[in-house]
Colleague: 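One structure, pasted below without further comment.
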Amino acid sequence: MRFEKICVLGLGYIGLPTASTFATHGVEVIGVDVNERVVDILRNGEIHIHEPGLRTLVQAAFRSGKLHISDHPDKADAFIIAVPTPIRADKSADMRAVTSAAKSIVPYLKAGNLVVLESTSPPRTTVDLVAPILEESGLKAGEDFHLAYSPERVLPGKILTEIIENARVIEGVNRLSAETGRDLYATFVRGDIILTNATAAEMVKLMENTYRDVNIAIANEFAGLAETFGVDIWETIQTANLHPRVDILKPGPGVGGHCISVDPWFFVESAPDQTHLIRQARMVNDHQPVRVVNRLEGVAGKLAGLRIAVLGLAYKPDVDDLRESPAIEIVQELLKQGAEVCTFEPYAKGTAVGEADHVESLEDALKGADVLMQLVNHSDFKSLDPAKAAALMRGDLVFDTRGVWDRAAWEMAGMRLIRLGDGSKYA
Ligand code: SAJ
């Protein structure tokens, strides 16, 4: 099937790169978002999110004359739904955005069209939720129009390369729907395109992120054990990973972002009796922020009244995304304990967390601090000179939750360095 015009619903971290990539590959694209602010920013030629190379790509898409921004869909050959699927406080999937995006397509849906859901969703969403909504048009999924599911699997920070190079998996409500989905993505995807039956691609996506979550949970549990046994987890993992069949991930202050900390819950909600390990791993990772604060308290004593400089609020290095970030939870926990917190987040300057101060430079964060905590290993923090930090700070305690700072260098500057998972000193 040929695709001359498509509609991409949702212009966030996935929808905007997807819409722009189709446009720069010659397809006419209507990019739709229900958020007026997003529509205004994009119509002014600006972008509302940070992702390396995205601004240039979006500008190229506009220059090509193929990308148009709108607050509602239009008639098209294909519709891609790329809207958020967050979890609620009770860990159930919030599918309202998918539901309303699917409803908004109904008036424009014609026989022969293709609809693809890209949003990460609980198993059977395409068949049980999206198909019945689209069938309100009077057309039947798999018979009158094609319906497919193709999860995005790109890594924030590397989206623009991965969207083209990664293998793509596409499920269809029937074989022809999956094949039509393949025709669409073949416009720009260079990785393999694998076709599956209904629901299998939904499983694939959730399994990938759940697998990573469980593996991070065991690394975090090992880190706790290393602190208990007076061992350095970072060296120990390196040694264990020399084994040809072992590849332990990195412990850290917790798992954030809108994917790995969310998706495993879709399995738990769908099959609570079959997901004991998955639920437990989520709980281990969710508990990390509290564990980090307890460790600091164990070394520093009472946190009340201490001035703590916090470097990084994003959920991982070199991104501006603060969703589900464990760093934010840690700041909230420090504030709860009565600490005086000052944050510096180079990718989202101006972000305020509760009563914490937020400053525009690393130097301002360090000035007068009793404790320095690195919560995200942004590239900007790698070159921090311990002697400079020591000169600006009032205290001598440094807590590296990412295991990247060099102990000898900090000790030479007269500072005490605690590292998450390193029980070999100051345990
Ligand atoms: N983290 C650790 N230790 C590690 C690796 C990660 O603590 O060894 C933490 C990070 O600090 C971060 C969180 O986990 O807080 C998630 O970061 P990430 O880089 O592992 O993954 P995401 O959430 O940015 O992107 C993931 C990717 N999934 C997999 O690698 C299986 C990506 O390919 C998906 O497209 C994306 O989720 C998504 O959208 O689902």
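For ligands, and for the atoms within them, numbers begin at 1 and follow the listed sequence. All values reported here derive from a predicted model rather than from experimental measurement.
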Colleague: When you look at Asp232 and Ser424, which way does the side chain to side chain donor-acceptor pair (under 3.5 Å) test go after all the steps?
Modeller: CA-CA 6 Å; Asp232 177 355; Ser424 63; 5.0 Å; no
Colleague: Got a sec, which pairs hit side-chain hydrogen bond (donor to acceptor under 3.5 Å, both in side chains) with one end in residues 147-165, sequence neighbours left out?
Modeller: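 side-chain hydrogen bond (donor to acceptor under 3.5 Å, both in side chains) check on residues 147-165 returns Ser150-Arg168, Glu152-Lys205, Arg153-Glu208, Glu162-Asn166, Glu165-Arg190.
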Colleague: List the atom pairs, with distances to 0.1 Å, where a side-chain N or O of residues 36-45 and a protein N or O form a donor-acceptor pair under 3.5 Å, not counting sequence neighbours.
Modeller:
{"from": "Arg43", "atom 1": "NE", "to": "Ile69", "atom 2": "O", "distance (Å)": "3.4"}
{"from": "Arg43", "atom 1": "NH2", "to": "Ile69", "atom 2": "O", "distance (Å)": "3.1"}
{"from": "Asn44", "atom 1": "ND2", "to": "Asp40", "atom 2": "O", "distance (Å)": "3.2"}

Colleague: Once side-chain contact (heavy atoms from CB on, under 4.5 Å) is applied, do any residues pair with Asp385, and if so which ones, sequence neighbours excluded?
Modeller: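 Once residues adjacent in sequence are excluded, the partners of Asp385 under the side-chain contact (heavy atoms from CB on, under 4.5 Å) criterion are Ala387, Lys388.
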Colleague: In a simple table, one pair per line, please give the protein and ligand 1 atom names for every N or O pair closer than 3.5 Å, along with the distance.
Modeller:
{"from": "ligand 1", "atom 1": "3 (N)", "to": "Lys250", "atom 2": "O", "distance (Å)": "2.7"}
{"from": "ligand 1", "atom 1": "8 (O)", "to": "Lys250", "atom 2": "N", "distance (Å)": "2.9"}
{"from": "ligand 1", "atom 1": "8 (O)", "to": "Lys250", "atom 2": "O", "distance (Å)": "3.4"}
{"from": "ligand 1", "atom 1": "11 (O)", "to": "Arg402", "atom 2": "NH1", "distance (Å)": "2.9"}
{"from": "ligand 1", "atom 1": "15 (O)", "to": "Gly256", "atom 2": "N", "distance (Å)": "2.9"}
{"from": "ligand 1", "atom 1": "15 (O)", "to": "Tyr315", "atom 2": "O", "distance (Å)": "2.8"}
{"from": "ligand 1", "atom 1": "19 (O)", "to": "Lys316", "atom 2": "NZ", "distance (Å)": "3.0"}
{"from": "ligand 1", "atom 1": "20 (O)", "to": "Arg212", "atom 2": "NE", "distance (Å)": "2.6"}
{"from": "ligand 1", "atom 1": "20 (O)", "to": "Arg212", "atom 2": "NH2", "distance (Å)": "3.1"}
{"from": "ligand 1", "atom 1": "24 (O)", "to": "Tyr315", "atom 2": "OH", "distance (Å)": "2.6"}
{"from": "ligand 1", "atom 1": "24 (O)", "to": "Lys316", "atom 2": "NZ", "distance (Å)": "2.9"}
{"from": "ligand 1", "atom 1": "28 (N)", "to": "Asn209", "atom 2": "OD1", "distance (Å)": "2.8"}
{"from": "ligand 1", "atom 1": "33 (O)", "to": "Arg153", "atom 2": "O", "distance (Å)": "2.8"}
{"from": "ligand 1", "atom 1": "35 (O)", "to": "Glu152", "atom 2": "OE1", "distance (Å)": "3.3"}
{"from": "ligand 1", "atom 1": "35 (O)", "to": "Arg153", "atom 2": "O", "distance (Å)": "3.1"}
{"from": "ligand 1", "atom 1": "35 (O)", "to": "Val154", "atom 2": "N", "distance (Å)": "3.0"}
{"from": "ligand 1", "atom 1": "35 (O)", "to": "Val154", "atom 2": "O", "distance (Å)": "2.7"}
{"from": "ligand 1", "atom 1": "39 (O)", "to": "Glu152", "atom 2": "OE1", "distance (Å)": "3.3"}
{"from": "ligand 1", "atom 1": "39 (O)", "to": "Glu152", "atom 2": "OE2", "distance (Å)": "2.5"}
{"from": "ligand 1", "atom 1": "40 (O)", "to": "Lys205", "atom 2": "NZ", "distance (Å)": "2.5"}
{"from": "ligand 1", "atom 1": "40 (O)", "to": "Asn209", "atom 2": "ND2", "distance (Å)": "2.7"}

Colleague: With a 4.5 Å heavy-atom cut-off, do Arg291 and Leu420 have their side chains touching?
Modeller: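 Yes, close enough: below the 4.5 Å cut-off.
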Colleague: Could you tell me whether Arg96 and Asp94 have a side-chain N and a carboxylate O separated by less than 4.0 Å?
Modeller: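 Answer for the salt bridge query: yes.
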